[in-house]
Amino acid sequence: MVKFGIYLNALKIVSFGIFMFVIWLVLKPDLVFEPVTNQLSAETGYYLYEQRSRLTFVETGNLGGFYTCLMNYRGLNQRIINIGRVRSFIVKFTDRLMLDISVSGNEAYTVVAIKIDSLGVKERSRPYAINCDLDLLNDRNGIKQIKGSEPDESPQNIMNKQ
């Protein structure tokens with residue numbers, strides 16, 4: 001009987017420890033997402049790459065209306081995924097700041113911020129829910145802007161950095 005009581009107390013302590021760890025994971029601050037998004041604005045330039053077997057350049061421009069939508073991010077438990085072809089994109093701002101977005105149809109539904117420090121160490125944020133149409137990129141007050149051309153850097157170099 002005494003051994004059973006010891007095991008029961010040990011189980012309670014371990015269960016409480018696991019519970020507290022889960023609470024900490026949920027409540028800990030995201031040290032990547034906000035610092036990355038705080039450096040962005042509707043005027044921030046980007047290069048958009050689709051992730052396939054290799055990165056494929058899609059377009060370049062300014063965040064435009066996508067920025068406002070992005071800043072309305074929510075917890076992943078509030079994610080809404082529309083029916084459509086699922087794809088993954090990298091939105092590159094600088095060599096050190098990027099977003100990894102998941103898209104269904106033409107709507108981004110999940111975003112992860114990526115920050116790369118001066119030593120090349122990559123940090124990723126937690127995933128967040130968004131519902132942002134890709135047509136909001138380069139959109140200013142309902143007027144689509146002209147999209148630029150591919151950067152000089154090869155997509156393979158960008159893939160290695162992320």
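Please read these numbers as outputs of a predicted model, since none were measured by experiment.
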For this session: To the nearest 0.5 Å, tell me how far Tyr49 OH sits from Arg54 CZ.
Result: 11.5 Å

For this session: Can you measure from CZ (Phe93) to CD (Gln39) and round to the nearest 0.5 angstrom?
Result: 10.5 Å

Exercise. Side chains of Leu134 and Val103: does their closest heavy-atom pair fall under 4.5 Å?
Worked result: yes

Problem set entry | Linked, directly or transitively: Ile130 and Val112 (ILVMFWY side chains, under 4.5 Å) | no

Exercise. Would you call the rings of Tyr128 and Tyr73 parallel, tilted or perpendicular if under 30° counts as parallel and over 60° as perpendicular?
Worked result: perpendicular

For this session: Give a yes or no on whether the backbone of Leu136 and the side-chain of Asp133 come within a donor-acceptor separation of less than 3.5 Å.
Result: no

For this session: Report yes or no: does Ser125 contribute a side-chain atom to a donor-acceptor pair with the main-chain N or O of Ala113 at less than 3.5 Å?
Result: yes

For this session: Using the side chain to side chain contact (heavy atoms under 4.5 Å, CB included) rule, pick out the option among Val111, Leu40, Leu48 that qualifies with Val91.
Result: Leu48

Exercise. Which distance, rounded to the nearest 0.5 Å, do you find between the OG of Ser102 and the CZ of Phe89?
Worked result: 10.0 Å

Exercise. Is it true that a side-chain atom of Ser104 and a backbone atom of Asn82 form a donor plus acceptor pair closer than 3.5 Å?
Worked result: yes

Problem set entry | Residues Asp135, Asn106; criterion side-chain contact (heavy atoms from CB on, under 4.5 Å); working and verdict | CA-CA 8 Å; Asp135 287 338; Asn106 202 48; 3.4 Å; yes

Problem set entry | Working for side-chain contact (heavy atoms from CB on, under 4.5 Å), residues Ile116 and Glu123 | CA-CA 6 Å; Ile116 302 171; Glu123 295 180 82; over 6 Å; no

Problem set entry | Verify same cluster id: Tyr46, Val58 (apolar side-chain graph, 4.5 Å) | yes

For this session: Measure the spacing between CG of Leu63 and CG of Asn138 and express it to the nearest 0.5 Å.
Result: 8.5 Å

Problem set entry | Hydrophobic cluster membership, Met71 vs Leu97, 4.5 Å side-chain cutoff | yes

Problem set entry | Intermediate values then yes/no, side-chain hydrogen bond (donor to acceptor under 3.5 Å, both in side chains), Tyr47 and Glu59 | CA-CA 6 Å; Tyr47 294 101; Glu59 68 182 35; over 6 Å; no

Seminar exercise, completed: Rounded to the nearest 0.5 angstrom, the OG1-NZ distance for Thr94 and Lys115 is 11.5 Å

Exercise. Ignoring hydrogens and geometry, is there a side-chain-to-backbone donor-acceptor pair from Arg87 to Gly105 under 3.5 Å?
Worked result: yes

For this session: With the side chain counted from C-beta on, respond yes when Glu50 and Ile90 share a heavy-atom pair under 4.5 Å apart, and no when they do not.
Result: no

Exercise. Linking I/L/V/M/F/W/Y whenever any side-chain heavy atoms sit under 4.5 Å apart, do Ile101 and Ile80 land together?
Worked result: no

Problem set entry | Side-chain donor or acceptor of Asp30 paired with backbone N/O of Arg126 under 3.5 Å | yes

Exercise. Under a single-linkage definition using a 4.5 Å side-chain heavy-atom cutoff for Ile, Leu, Val, Met, Phe, Trp and Tyr, are Leu99 and Ile81 assigned to the same hydrophobic cluster?
Worked result: no

For this session: Inspect the contact between Arg79 and Glu107 and indicate whether a charged nitrogen and a carboxylate oxygen are less than 4.0 angstrom apart.
Result: no

Problem set entry | Point-to-point distance, once rounded to the nearest 0.5 Å, from OG1 of Thr110 to CG of Asn131 | 8.5 Å

